[in-house]
Student: 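Supplied in structure tokens, the structure appears directly below.
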Amino acid sequence: GQIESAVVSYQDALKEHPQNIPLLYGYALFAQSLHQFNTTEQMLLRIIDIEPNHINALNALGYSYAEQGVNLIQAELLIRKALAQDPDNAAIIDSLGWVSYRLGHLRQSLILLTKAYDIMPAAEIAAHLGAVKWALGDTKGAFETWNLALSLEPDNALINQAILDAQNEFQSE
């Protein structure tokens, strides 16, 4: 509940330890939770500058770009670099599937997100998978995916938002 104090603490700690990767990564994730994209990007780029093959930073930056709908080609390259190091990581496969969706490669996205969901049936992956199914016109499959996720986590905000987004899109068409 003390966001400003946390920001100051991170900034002070980084003045003392500017190369501390766990500190940089923690600040990046904290900034992301506050929707402070520029800070997230800066921290992740600093990590990659220090450690070019840092899997989590590569994936997080690529996913952040995909979420923002910016630098999508760069996002794909970053995520593929992470995936090359950990090819069965569901979170990284999900990120690649999501950037593929943002690039308009819906069939490729469906394959990737299905694989990620098979490995780890997490709500965020289900939200993405349902969105891709919806975009491909498989509304029944989208709702099946979302409803299965909701049966495990009834109050999941990501799934509820995905359903709301789909319904709003449907009503506007």
Side-chain angles (χ1 to χ4, degrees), residues 1-106 108-117 119-132 135 149 153 156-159 161-162 165:
Q2 298 181 359
I3 293 169
E4 290 179 27
S5 293
V7 169
V8 170
S9 294
Y10 271 117
Q11 291 172 346
D12 288 347
L14 284 169
K15 286 177 188 169
E16 294 288 321
H17 308 282
Q19 305 288 316
N20 185 297
I21 289 176
L23 188 57
L24 289 164
Y25 193 70
Y27 189 26
L29 295 183
F30 178 68
Q32 186 175 35
S33 75
L34 300 175
H35 306 288
Q36 295 176 351
F37 177 71
N38 290 338
T39 301
T40 300
E41 180 183 37
Q42 289 171 0
M43 296 303 108
L44 294 171
L45 285 170
R46 282 175 61 184
I47 294 169
I48 294 167
D49 189 48
I50 296 164
E51 189 179 317
N53 292 317
H54 193 282
I55 293 173
N56 291 332
L58 292 166
N59 184 53
L61 183 57
Y63 183 79
S64 293
Y65 286 153
E67 274 294 290
Q68 296 293 315
V70 299
N71 302 332
L72 295 177
I73 300 300
Q74 180 67 18
E76 183 178 20
L77 293 172
L78 291 164
I79 295 166
R80 285 191 182 279
K81 188 173 180 180
L83 189 62
Q85 298 175 67
D86 193 357
D88 295 319
N89 184 311
I92 300 172
I93 296 167
D94 171 61
S95 295
L96 186 58
W98 195 237
V99 78
S100 295
Y101 168 77
R102 295 289 195 171
L103 286 165
H105 307 303
L106 299 182
Q108 178 185 358
S109 178
L110 179 65
I111 291 166
L112 290 163
L113 292 169
T114 299
K115 179 180 178 181
Y117 192 71
I119 295 168
M120 183 176 68
E124 185 169 5
I125 299 171
H128 293 159
L129 180 58
V132 170
E153 296 181 52
N156 187 284
L158 292 170
I159 299 297
Q161 187 62 51
D165 291 346

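What's counted below: heavy atoms across the whole structure, side chains too, no hydrogens, waters or symmetry copies. One is the number of the first residue; the rest follow in order along the sequence. Note that the coordinates shown come from a computational prediction; the quantities given were computed from them, not determined experimentally.
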Student: Within this structure, what is the CG-OG distance for the pair Asn38 and Ser64, rounded to the nearest 0.5 Å?
Tutor: 11.0 Å
Student: Evaluate the side-chain proximity of Arg46 to Gln19: yes if any heavy-atom separation is below 4.5 Å, no if none is.
Tutor: no
Student: Side chains of Glu153 and Asn156 only: does a donor on one sit below 3.5 Å from an acceptor on the other?
Tutor: yes
Student: Yes or no on side chain to side chain contact (heavy atoms under 4.5 Å, CB included) for Ile79 and Leu61, after CA distance, side-chain angles and deciding distance?
Tutor: CA-CA 8 Å; Ile79 295 166; Leu61 183 57; over 6 Å; no
Student: From His17 NE2 over to Ile21 CD1, what is the distance, rounded to the nearest 0.5 angstrom?
Tutor: 14.0 Å
Student: Side chains of Leu44 and Tyr25, heavy atoms from C-beta outward: is any pair under 4.5 Å?
Tutor: yes
Student: Where is the tightest heavy-atom contact between Gly62 and Ala75, given as atom of each residue plus distance?
Tutor: O-CB, 3.3 Å
Student: So, taking the atom named CD in Glu51 and the one named CG in Leu58, what distance separates them when rounded to the nearest 0.5 Å?
Tutor: 9.0 Å
Student: For Ala149 versus Ala126, what's the shortest heavy-atom pair and its separation?
Tutor: CB-CB, 3.7 Å
Student: Search all heavy atoms of Glu76 against all heavy atoms of Leu96 and return the closest pair with its distance.
Tutor: CG-CD1, 4.0 Å
Student: Counting N and O atoms only, with roles assigned by atom type, does the side chain of Ser33 sit under 3.5 Å from a partner on the main chain of Phe30, one being a donor and the other an acceptor?
Tutor: yes
Student: To check you understand the geometry: which heavy-atom pair defines the closest contact between Met43 and Ala28, and what is its length?
Tutor: CB-CB, 3.6 Å
Student: Donor-acceptor pair, distance only, cut-off 3.5 Å: does the side chain of His105 make one with the backbone of Gln108?
Tutor: no
Student: Between Asp94 and Met120, is any pair of side-chain heavy atoms under 4.5 Å apart?
Tutor: no
Student: Quick one, Thr39 and Leu34 - any side-chain contact, counting heavy atoms below 4.5 Å?
Tutor: no
Student: Can you tell me how far the CG atom of Asn89 sits from the CD1 atom of Ile55, to the nearest 0.5 Å?
Tutor: 7.5 Å
Student: How are the rings of His128 and Trp98 set relative to one another: parallel (under 30°), tilted (30 to 60°) or perpendicular (over 60°)?
Tutor: parallel
Student: Please tell me whether Tyr63 and Glu124 have a donor and an acceptor in their side chains that are separated by less than 3.5 angstrom.
Tutor: yes
Student: Please check if the side chain of Gln68 supplies one atom and the backbone of Phe37 the other of a donor-acceptor pair under 3.5 Å.
Tutor: no
Student: Could you report the tightest heavy-atom contact between Ile125 and Leu113, atom names first, then the distance?
Tutor: CG2-O, 3.8 Å
Student: Is there a donor-acceptor contact under 3.5 Å from the side chain of Lys115 to the main chain of Gly97?
Tutor: no
Student: Return the CD1 to CG distance between Ile48 and Leu24, rounded to the nearest 0.5 Å.
Tutor: 11.0 Å
Student: Looking at every non-hydrogen atom in both residues, tell me the closest pair between Ala135 and Tyr101 and how far apart they are.
Tutor: CB-CE1, 3.9 Å
Student: Parallel, tilted or perpendicular for Tyr10 and Tyr27, by the 30°/60° rule?
Tutor: parallel
Student: In Å, rounded to the nearest 0.5 Å, how long is the span from CD1 of Ile93 to CG of Leu83?
Tutor: 6.0 Å
Student: Is there a donor in the side chain of Glu41 and an acceptor in the side chain of Tyr65, or the other way round, less than 3.5 Å apart?
Tutor: yes
